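Reading through the C-alpha cells given below for one structure.
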Amino acid sequence: MFGTKKETMVKEDRALAGQEAPVPTADVHFLSGIPLNSDVPEGMEEAMFGMGCFWGVERIFWQVEGVYLTMVGYSGGFTENCTYEQVCTGKTGHNEVVRIIFDPKKISYETLLQHFWEGHNPTQGMRQGNDRGTQYRSGIYTFNDTQAEKAEASMAVYAHRLRRNGHGAITTEILPANTFYFAEGYHQQYLEKNPSGYCGIGGTGVTCPIGVAV
C-alpha cells in the first residue's frame, strides 16, 4: 500500500532484455495524416515530455497551435524496442512520453513548458494520480542546452509558485533526451479514436508564470 517495486527505478543491469525489431506502430497521425516517422522539417524543433499516462498528455499537446506533430512512446530507460507490456512491469526504466515537433515561429518552447507544468502534478514522484509506477514520472527531456536552461528556469519559477499554494517539492527530472521508441499503433492519438477513454491527467490548478519574475 505504501510503495511497490514499480515505483523504484530499475538498475540497468536488472532491466529486461529488449529486441532487435522496433514495435509496429501507426503509419500516420490519426488527425493530420502526417507520417509519424517524419523527419523534423527545416525550421522546426523537437520537445519531449513525460507527465503521466501518455494518452491524455498527447491530447493536451495536439490541440496547441504551433504544434506540427505529436506521437507517444517510451524513453528514459534501458530496454531496446520495448513493448507496452514490458514498460508496465517497471523493469525497463522507461517513461511514457510524448514527442512533439513544433514550429518555434508559432509557439515558443517556454509556452510548451507552461502547458507541461500546468497539465499535471509534478510533485508526485513515481506516479500521477492513481497511476503508479516509474513510467508515470514527471520528466522534461531536452534536445539542446537552450532547452535545458529554459526547463530549469521554469522549474525554479513554478516551484516557488507551488510552495506558495501549499504544494510539496517538484520531483520532475530534467535530462537530455535519449532514444525514443514508438508505442504501439493503438496508443497513438488514443483519445481521438476513443473519446470516452481513460485519462488520468490533471493539474494542480496553479498557473505557471513563464517569463514572470517570482
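Keep in mind that this is a model prediction, so the values were computed, not measured. One is the number of the first residue; the rest follow in order along the sequence.
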| query | Looking at side-chain heavy atoms only, is the closest gap between Gln86 and Tyr74 below 4.5 Å? | reply | no
| message | Return the OG to CD distance between Ser108 and Glu45, rounded to the nearest 0.5 Å. | response | 10.0 Å
| note | Looking only at heavy atoms, the pair that brings Ala177 and Met48 closest together is CB-CE, 3.8 Å
| request: Return the minimal non-hydrogen interatomic distance between Thr142 and Ala151, and the atom names on each side. | output: CG2-CB, 4.4 Å
| Within a radius of less than 6.0 Å around NZ of Lys193, do more than 12 heavy atoms belonging to other residues, nucleotides or ligands occur? | yes
| query | Would Val67 end up clustered with Leu31 when hydrophobic side chains under 4.5 Å apart are linked, directly or stepwise? | reply | yes
| task | Hey, can you tell me if Tyr84 and His187 have their rings parallel, tilted or perpendicular (30° and 60° cut-offs)? | result | tilted
| field | Shortest non-hydrogen contact between Cys82 and Val23, atoms and distance | value | O-CG2, 3.2 Å
| message | What I'd like to find out is whether the side chain of Tyr158 reaches to under 4.5 Å of the side chain of Val206, using heavy atoms alone. | response | yes
| message | Among His120, Glu173, Gln128, which residue satisfies the side-chain hydrogen bond (donor to acceptor under 3.5 Å, both in side chains) criterion with Ser138? | response | His120
| task | Treat each ILVMFWY residue as a node, draw an edge where side-chain heavy atoms are under 4.5 Å apart, and state whether Phe182 and Ile101 are in one component. | result | yes
| said: Looking at Gly90, is its backbone amide N or carbonyl O close enough to the side chain of Gln135 to form a donor-acceptor pair, meaning the two atoms are under 3.5 Å apart? | reply: no
| Check ion pair Asp13-Lys11 (N to O, under 4.0 angstrom) | no
| remark: Taking every heavy atom of Met44 against every heavy atom of Val40, the minimum-distance pair comes out as O-CG1, 3.5 Å
| field | Check: Thr134 side chain, Met126 main-chain N or O, donor-acceptor pair, under 3.5 Å | value | no
| task | Could you tell me whether a side-chain N or O of Gln124 sits under 3.5 Å from a main-chain N or O of Gly129, the two making a donor and an acceptor? | result | yes
| message | Any side-chain to backbone donor/acceptor pair from Asn81 onto Glu20? Under 3.5 Å, distance only. | response | yes
| Main-chain N/O of Cys88 paired with Lys6 side-chain donor or acceptor, under 3.5 Å | yes
| message | Run Phe61 and His115 through side-chain contact (heavy atoms from CB on, under 4.5 Å) and show every step you take. | response | CA-CA 8 Å; Phe61 286 105; His115 285 286; 3.8 Å; yes
| query | Any side-chain heavy-atom pair from Ser75 and Asn178 closer than 4.5 angstrom? | reply | yes
| query | Ile100 and Leu191: same hydrophobic cluster, using ILVMFWY side-chain contacts below 4.5 Å? | reply | yes
| Verify same cluster id: Ile174, Ile170 (apolar side-chain graph, 4.5 Å) | yes
| said: Looking at Phe30, is its backbone amide N or carbonyl O close enough to the side chain of Gln189 to form a donor-acceptor pair, meaning the two atoms are under 3.5 Å apart? | reply: yes
| said: If we count only N and O atoms by modelled type, under 3.5 Å, do the side chains of Arg161 and Thr207 hold a donor and an acceptor together? | reply: yes
| task | May I ask you to decide if the ring planes of Tyr198 and Trp55 are parallel, tilted or perpendicular, using 30° and 60° as cut-offs? | result | perpendicular
| Do the side chain of Glu118 and the main chain of Cys208 share a donor and acceptor less than 3.5 angstrom apart? | yes
| Counting N and O atoms only, with roles assigned by atom type, does the side chain of Thr79 sit under 3.5 Å from a partner on the main chain of Ala17, one being a donor and the other an acceptor? | no
| task | Mind checking the CD1-CD spacing from Ile201 to Glu58? Nearest 0.5 Å is all I need. | result | 12.0 Å
| query | How far does OG1 of Thr204 sit from NE2 of His167, to the nearest 0.5 angstrom? | reply | 4.5 Å
| message | To the nearest 0.5 Å, what is the distance between NZ on Lys150 and CG on Asn144? | response | 8.5 Å
| note | Residues Asp131 and Cys53: closest non-hydrogen pair is OD2-CB, 3.9 Å
| request: Return yes if some donor-acceptor pair links the side-chain N/O of Asn95 with the main-chain N/O of Val97 below 3.5 Å, else return no. | output: no
| Interatomic spacing from CZ in Phe116 to CE in Met51 - rounded to 0.5 Å | 6.5 Å
| task | Answer with yes or no whether the hydrophobic clustering places Ile34 together with Trp62; edges join I, L, V, M, F, W, Y residues whose side-chain heavy atoms lie under 4.5 Å apart. | result | no
| message | Ignoring hydrogens, what is the shortest heavy-atom contact between Tyr186 and Tyr190? Give both atom names and the distance. | response | O-CD1, 3.3 Å
| query | Considering residues at least two apart in sequence or located in another chain, which fulfil the side chain to side chain donor-acceptor pair (under 3.5 Å) criterion with Thr146? | reply | none
| message | Are Thr70 and His29 packed together at the side-chain level, in the sense that at least one heavy-atom pair is separated by less than 4.5 angstrom? | response | yes
| What about Phe180 and Tyr141, are their ring centers closer than 6.0 Å? | no
| Side-chain touch Glu184/Thr83, heavy atoms, less than 4.5 angstrom | yes
| request: Answer yes or no: are there more than 12 heavy-atom neighbours, outside Asn165 itself, under 6.0 Å from its atom CG? | output: yes
| Residue pair Phe49 / Leu112, side-chain heavy-atom distance below 4.5 Å | yes
| message | As a quick check of understanding, evaluate side-chain contact (heavy atoms from CB on, under 4.5 Å) for Trp117 and Leu162, giving each step before the final call. | response | CA-CA 10 Å; Trp117 292 118; Leu162 286 173; over 6 Å; no
| OG1 of Thr92 to CG of Leu16: how many Å apart, nearest 0.5 Å? | 7.0 Å
| query | With side chains defined as the heavy atoms from C-beta onward, is the minimum distance between Gln188 and Val72 less than 4.5 Å? | reply | yes
| request: Could you walk me through whether Arg99 and Glu46 pass salt bridge (charged side-chain N to carboxylate O under 4.0 Å, His left out), step by step? | output: CA-CA 7 Å; Arg99 178 174 166 256; Glu46 297 174 84; 2.8 Å; yes
| Test side chain to side chain donor-acceptor pair (under 3.5 Å) applied to Gln63 - qualifying residues, sequence neighbours left out | none
| message | Is the shortest side-chain heavy-atom distance between Phe54 and Val98 below 4.5 Å? | response | yes
